[in-house]
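All chains are named by letter (A, B, ...) in the order of the sequence lines, taking the proteins before the strands, and each is independently numbered beginning at 1.
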Amino acid sequence: MIVRRCIRLGLGLSILLTTAAGCSDADLTGPIVYEEQPAMSREVEGKAHLAGKPRIQEKARKTLARLYGPSPKEIHVPEGAPLSKDEQGRLGVLLANHVQTAQGPEKLPHAGGYGLYRRHCLHCHGVSGAGDGPTAPFLFPLPRDFRRGLFKFTSTPNGARPERDDLRRTIRDGLHGTSMPAFEALLTKKEIEQVVDYVTFLSLRGETELALIEEGFIADDEDEDALEDDIVDELVQSVFGKWEDAADTVVDPPVPRTPPSPESVARGRELFLGRTKEKLECAGCHGAKGLGDGPSFVDVDVFNRVVFGGDPSKMPERVAKLDEKARELWKQKLDEWGNPLRPANLSRAVYKGGRRPIDLYWRIAKGITGAQMPAHYPGIDHAQIWDLVNFVLALPYQPELLDDAPAPAAAEGVAADAPAVRR
Amino acid sequence: MRYWSLIFALAAVFSVGAFAYAPFSADWWLPNPAGEPYHSVSTFGREIDALFLIILVLTGAVFIGTQAALVWAQFRYADRIGEDGLPVRPAQYFHGSQRLEVIWTVIPAGILVFLALYQMDTWAKIKFRSASPRTPVLAEVTGRQFQWAMKYPGPDGRLGTPDDLFTVNDLHLVKDQTALIHLKSADVIHSFFLPQMRIKQDAVPGMAIPVWFDCDRAGRFELACAELCGWGHYKMRGDVVVHETEAEFQAWQAAKLAEQGRSQIAGADEPEGDDR
């Protein structure tokens, strides 16, 4: 009897205590730390790296921790960083929920960029913004790696840093046709500003890290003066400078959109098919029917087999199995981050960078940063760009526009004669 | 040992307390607009709430009855051991009681049949395609991992034309007008859930499901996904804005369409919208 009671008591207590102790995932996640660029300590083919330079590595790490803080939980903001200020003129306070003052930590009236990023963005974009969060491998296209400061859908020239409004728009509206959701209903305007600041912060940090690696790559490990403070200052200022310049380089179409008349659409169609003297190669990638299946890219079926045909981490093995021609084409058509690309299917009315005419103008006029879409201005003039925009916007509703276009096989023949297709 | 029954009594008292208290707390009661905790904003909502109340009363009464019987039996028939170490009252075994079993089968069956018949009319009004209103479609709503993409027909009232308006997680309708949407899914099964309007409908890939509802209060309401659809399920939250008048809705749509037609950053003349 007593034994049974003891068992019962023990069972009851253990259930009670388990509930009281609550659940904690602390033992599952470990501390949250910034991840280093592989080039910091390993040899990376064709890129600057710090392999075999322990002293410079150490200096680079210390510099990074001094400038941006040692871990995501302790953020330092270098002077002059292109981040928001609060009413008191304090720089970077949107990043956190506390600020360190002479009197000790002061609580701020908001969740802060880091907290919001950790909740909403980190699972895809990763702790250091490398696009390597736990849910990232399941996605196509892969989440952006912020650490190079490059973003695809911007209002600034190709290769330039994004303007603040570009990041704001991406977070607010999402990127259609990708896994980036719209956060307008999930975050307030103020919270979106905090996230924009944090994304900018991660980009600045990542760019500085890359700049340090490049600088260290050409320095001698024995050199005491390598990565000295004034050199680092210069590097950081050049990183900041690019972001500060972005606002002045925003492209605003100088002429308003041509009204989308049938004539304008027809002119856009001729441009698309490369029948004007500018000989545009749109169909080479986007396909003669605009289905995103042009001959300059790997065949859609092959692409689907490689990208979606199994374990994402085994993609390189599937690429290796392609025949030589397809493999070569595959290598040429990666984006700046080394990820596979697909030209847009223009018949679906899904536009990653937005469907406003101005968005399409930007995509056509200045191309897509880091992707294969080239800038077309000044190759064609503003009016021609608007004709193309009108054509692209009309195509999903009037697929017959491309009905008599040459079939893909014929287009391939054309492409073979046109070396520009194989950029 | 008979005091063990008090633990069961306590659990029953807590449960009964919870549902007895719920109507007096806006947080515990059904999701209704702030300030009007007992007003259900949609026609269907009021019907569903009435059904809900009937079920709550029925199950509440049955719950109280069965719990009382349970506690009483535990208390009354708890084992007692006499001074000689033997049970005071020996256990009695009997093989079932047909009368009892018939009673406790027939009563719940009767209740269930009553509910099944009683709710049929409401179900038909909300879910049967034949009952769908003959109004123009307000929007096509497509669930995808992880957001709700809305497509409004725009000024010409037809979907699939160049003047369609596209929004994400942003559903707008007009007060006191029945809103008809076509619900689709681009990937997996989602569930379109308007808690304040008591509307819940799965979005099934490959199907366009008509869903209709109304709202008699202007303001901002919630849209959520009620079917676990993947790791980002919680992100599928949207705003539902109910406009006071049709004119207000049209003004919102016009402003959105102007932005969707933007061709220069600011100040420039907007070209005429696509009216072809």
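When all heavy atoms of B:S263 and A:P253 are compared, the pair lying nearest together is O-CG, 3.3 Å. Smallest separation of non-hydrogen atoms from A:P181 and B:Q147: CA-OE1, 3.2 Å. The minimum heavy-atom distance between A:A182 and B:V168, with the atom names listed, is CB-CG1, 3.4 Å. Shortest non-hydrogen contact noted between B:D164 and A:Y397 is OD2-OH, 4.4 Å.
Within a 6.0 Å radius of CZ in A:R118, no more than 12 heavy atoms belonging to other residues, nucleotides or ligands are found. The number of heavy atoms from other shown groups lying within 6.0 Å of CZ (A:F308) is above 12. Around the CZ atom of B:R89, the shell of radius 6.0 Å holds more than 12 heavy atoms that belong to other residues, nucleotides or ligands.
Interface remark: A:V250 contributes side-chain atoms only to the contact with chain B (heavy atom separation under 4.5 Å). Both the backbone and the side chain of B:Q260 have a heavy atom closer than 4.5 Å to some heavy atom of chain A. At a 4.5 Å heavy-atom cutoff, the contact between B:Y234 and chain A is made by backbone and side-chain atoms alike. Using a 4.5 Å cut-off between heavy atoms, A:R119 touches chain B through its backbone atoms (N, CA, C, O) alone. Contact of A:P396 with chain B is not made at all, since no heavy-atom distance falls under 4.5 Å.
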Exercise for the section: Mind running side-chain contact (heavy atoms from CB on, under 4.5 Å) on A:I358 and B:I265 for me, showing each step along the way? Expected result: CA-CA 8 Å; A:I358 193 174; B:I265 286 176; 3.8 Å; yes

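Taking 4.5 Å as the heavy-atom cut-off, none of the residues of residues 179-188 of chain B approach chain A. Residue-level contacts of residues 132-141 of chain A with chain B, in order of numbering, are A:T135, A:L139; threshold 4.5 Å between heavy atoms. Contacts between residues 235-246 of chain B and chain A, defined by a heavy-atom separation under 4.5 Å, are made by B:K235, B:R237, B:G238, B:D239.
Going from atom CH2 of B:W231 over to atom SG of A:C124 covers 4.0 Å, rounded to the nearest 0.5 Å.
Contact count against chain B (heavy-atom pairs under 4.5 Å) is highest for A:H123 among A:H176, A:H123, A:M180.
Residues satisfying the ring pair (Phe, Tyr, Trp, His ring centres under 6.0 Å) criterion with A:F391, sequence neighbours excluded, are A:F272.
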